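All values reported here derive from a predicted model rather than from experimental measurement.
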Amino acid sequence: MYKQERIKPYSPNEEKGKQVEAMFDNIAPTYDKLNHRMSWNIDRRWRQRAVALLEQHQPQHILDVASGTGDFALLMAQRLKPQRIVATDISEQMMLVGRQKCQQAALDHIITFQHDDAMHLSAADNTFDAVTATFGIRNFPDLEQGLREMCRVMRPGGCLCILELTTPKHCIPRTLFRIYSHTILPLWGRCVARDKKAYVYLTKTIDHFPQAETMMDILKKTGFNQPAFQRLTMGICTLYTATK
């Protein structure tokens with residue numbers, strides 16, 4: 001088991017999946033505001049980069065796992081013009097925000113939100129042309145199980161696209177990022193979301209998440225082919241791609 005899978009938001013004695021669900025339900029009303037503020041809106045550029053890679057595959061049926069409030073699903077709907085996007089998450093409150101955003105953008109006929117556990121996706125084998133996840137897989141109770149499920153529901157020849165926060169490789173940006181993530185992020189979490197523990201937890205998951213080269217081995221192990229990665233913004237974020 002990877003170390004980040006043992007890290008839990010609130011209690012070491014309760015199931016991680018249920019705690020993550022409760023945590024995101026709690027911070028859902030302020031999640032978008034904090035997300036963009038904490039990344040200085042750079043997260044928007046990361047999503048744009050990921051969508052640009054997906055454009056060459058022209059996926060028509062997309063599964064967005066751990067979709068949260070649906071920022072990436074919305075961007076894909078606007079840029080890729082697919083037939084449908086299924087956005088799954090375990091947090092009903094996060095999806096409630098996402099549904100409202102899709103209705104406001106008049107894209108709710110393309111994007112469907114669905115409560116689903118990434119450890120046991122309800123979709124049939126070989127269903128989607130592309131499977132995506134942005135800033136969510138580090139919360140999986142079991143990383144390999146979640147990736148196997150994502151591989152299972154993706155069609156042969158389909159594309160995997162993952163964005164995840166990571167620790168910069170080089171000393172100076174790594175030190176600056178750790179100072180920022182361990183001091184400023186929990187403070188904003190306490191002041192804005194009224195949940196400091198949630199943002200302490202999210203910081204710890206970044207520290208202990210398998211990094212780029214290690215993730216290549218994990219993606220191969222869980223059934224994907226041709227894994228690749230790109231470090232973005234000095235390695236604060238990493239974009240992973242693979243095929244099936």
Side-chain angles (χ1 to χ4, degrees), residues 24 27-116 118 121 123 127-140 146-147 150 153-155 158-166 202 206 228-233 235-243:
F24 280 111
I27 65 177
T30 57
Y31 181 78
D32 283 344
K33 180 180 180 181
L34 267 175
N35 229 22
H36 300 317
R37 179 184 293 180
M38 289 189 299
S39 70
W40 304 93
N41 280 319
I42 299 173
D43 62 306
R44 299 181 192 274
R45 279 189 274 166
W46 297 335
R47 290 186 179 90
Q48 294 280 355
R49 178 73 71 87
V51 168
L53 283 178
L54 285 168
E55 279 183 315
Q56 59 188 302
H57 298 276
Q58 298 182 328
Q60 292 301 302
H61 301 275
I62 303 171
L63 176 67
D64 189 34
V65 177
S67 187
T69 63
D71 269 2
F72 195 57
L74 278 163
L75 183 60
M76 288 191 290
Q78 292 162 346
R79 285 273 300 272
L80 303 178
K81 311 297 184 186
Q83 292 181 30
R84 69 165 178 147
I85 298 174
V86 178
T88 69
D89 204 275
I90 60 170
S91 169
E92 287 289 354
Q93 294 303 310
M94 293 284 278
M95 290 191 293
L96 177 62
V97 175
R99 290 186 184 102
Q100 292 169 346
K101 287 158 58 173
C102 289
Q103 289 172 358
Q104 292 170 0
L107 288 169
D108 49 324
H109 63 293
I110 294 175
I111 302 170
T112 301
F113 282 86
Q114 178 177 309
H115 188 278
D116 215 349
L121 293 169
T127 300
F128 297 98
D129 304 319
V131 178
T132 65
T134 54
F135 314 116
I137 66 169
R138 73 182 192 279
N139 296 305
F140 285 0
L147 289 171
M150 293 166 74
V153 302
M154 193 167 76
R155 290 173 179 162
C159 178
L160 174 75
C161 184
I162 293 172
L163 279 172
E164 193 51 84
L165 295 173
T166 45
L202 290 169
I206 300 170
F229 70 90
Q230 298 179 27
R231 289 189 175 92
L232 309 177
T233 315
I236 293 172
C237 177
T238 302
L239 170 59
Y240 300 98
T241 58
T243 61

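Within the 4.5 Å cutoff, no side-chain heavy atoms of Thr132 are placed close to those of Val65. Side-chain contact between Ile62 and Asp129 is absent, with no heavy atoms from C-beta onward closer than 4.5 Å. Looking at Leu107 and Ile85, their side chains never come closer than 4.5 Å, going by heavy atoms from C-beta outward. Side chains of Thr88 and Asp64 form no contact here, defined as non-hydrogen atoms less than 4.5 Å apart. In this structure, the side chains of Val97 and Pro29 stay at 4.5 Å or more apart for every pair of heavy atoms.
Atom CD in Gln48 sits 9.5 Å away from atom CZ in Phe72 (nearest 0.5 Å). For the atom pair Cys161 SG and Arg47 CZ, the distance stands at 11.5 Å (nearest 0.5 Å). Between the CG atom in Leu239 and the CD atom in Glu164 there is a gap of 11.5 Å [rounded to 0.5 Å]. Interatomic distance, Leu232 CG to Asp43 CG, rounded to the nearest 0.5 Å: 12.0 Å. Considering CD1 of Ile137 and OG1 of Thr134, their distance stands at 10.5 Å, rounded to 0.5 Å. Ile206 CD1 to Thr166 OG1: the interatomic distance, rounded to the nearest 0.5 Å, is 8.5 Å.
When only modelled atom types and interatomic distance are considered, Ser67 and Asp89 share no side-chain donor-acceptor pair under 3.5 Å. Using modelled atom types, one finds no donor on one side chain facing an acceptor on the other under 3.5 Å when comparing Gln60 with Arg84.
The main-chain N or O of Cys159 is never found under 3.5 Å from a side-chain atom of His57 such that the two would form a donor-acceptor pair. Of the possible polar contacts, one joining the Ser91 side chain to the Met94 backbone as a donor-acceptor pair under 3.5 Å is found. Thr238 contributes no side-chain N or O that, together with a main-chain N or O of Arg231, makes up a donor-acceptor pair within less than 3.5 Å. Judged by distance alone, the side chain of Gln103 and the main-chain N or O of Gln100 form no donor-acceptor pair under 3.5 Å. With hydrogens and angles ignored, the 3.5 Å screen pairs a side-chain donor or acceptor of Lys101 with a backbone N or O of Thr69.
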Inset, instruction - Could you check Val153 against Leu63 for side chain to side chain contact (heavy atoms under 4.5 Å, CB included), going step by step and ending with a plain yes or no? - result: CA-CA 9 Å; Val153 302; Leu63 176 67; 3.7 Å; yes
Inset, instruction - Go through the steps for Arg99 and Asp108 under the test side chain to side chain contact (heavy atoms under 4.5 Å, CB included), then give the verdict. - result: CA-CA 7 Å; Arg99 290 186 184 102; Asp108 49 324; over 6 Å; no
Inset, instruction - Go through Leu53 and Thr241 one step at a time and tell me if the side chain to side chain contact (heavy atoms under 4.5 Å, CB included) criterion holds. - result: CA-CA 9 Å; Leu53 283 178; Thr241 58; 3.9 Å; yes
Inset, instruction - Assess whether side chain to side chain contact (heavy atoms under 4.5 Å, CB included) is satisfied between Leu147 and Ile162, documenting all intermediate values. - result: CA-CA 10 Å; Leu147 289 171; Ile162 293 172; 3.9 Å; yes
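Environment of CZ in Arg45: sparse, with no more than 12 heavy atoms of neighbouring residues, nucleotides or ligands closer than 6.0 Å. Open room surrounds CD on Gln58; 12 or fewer heavy atoms of other groups in view lie less than 6.0 Å from it.
The aromatic rings of Trp46 and Phe135 are tilted relative to each other, their planes meeting at an angle between 30° and 60°.
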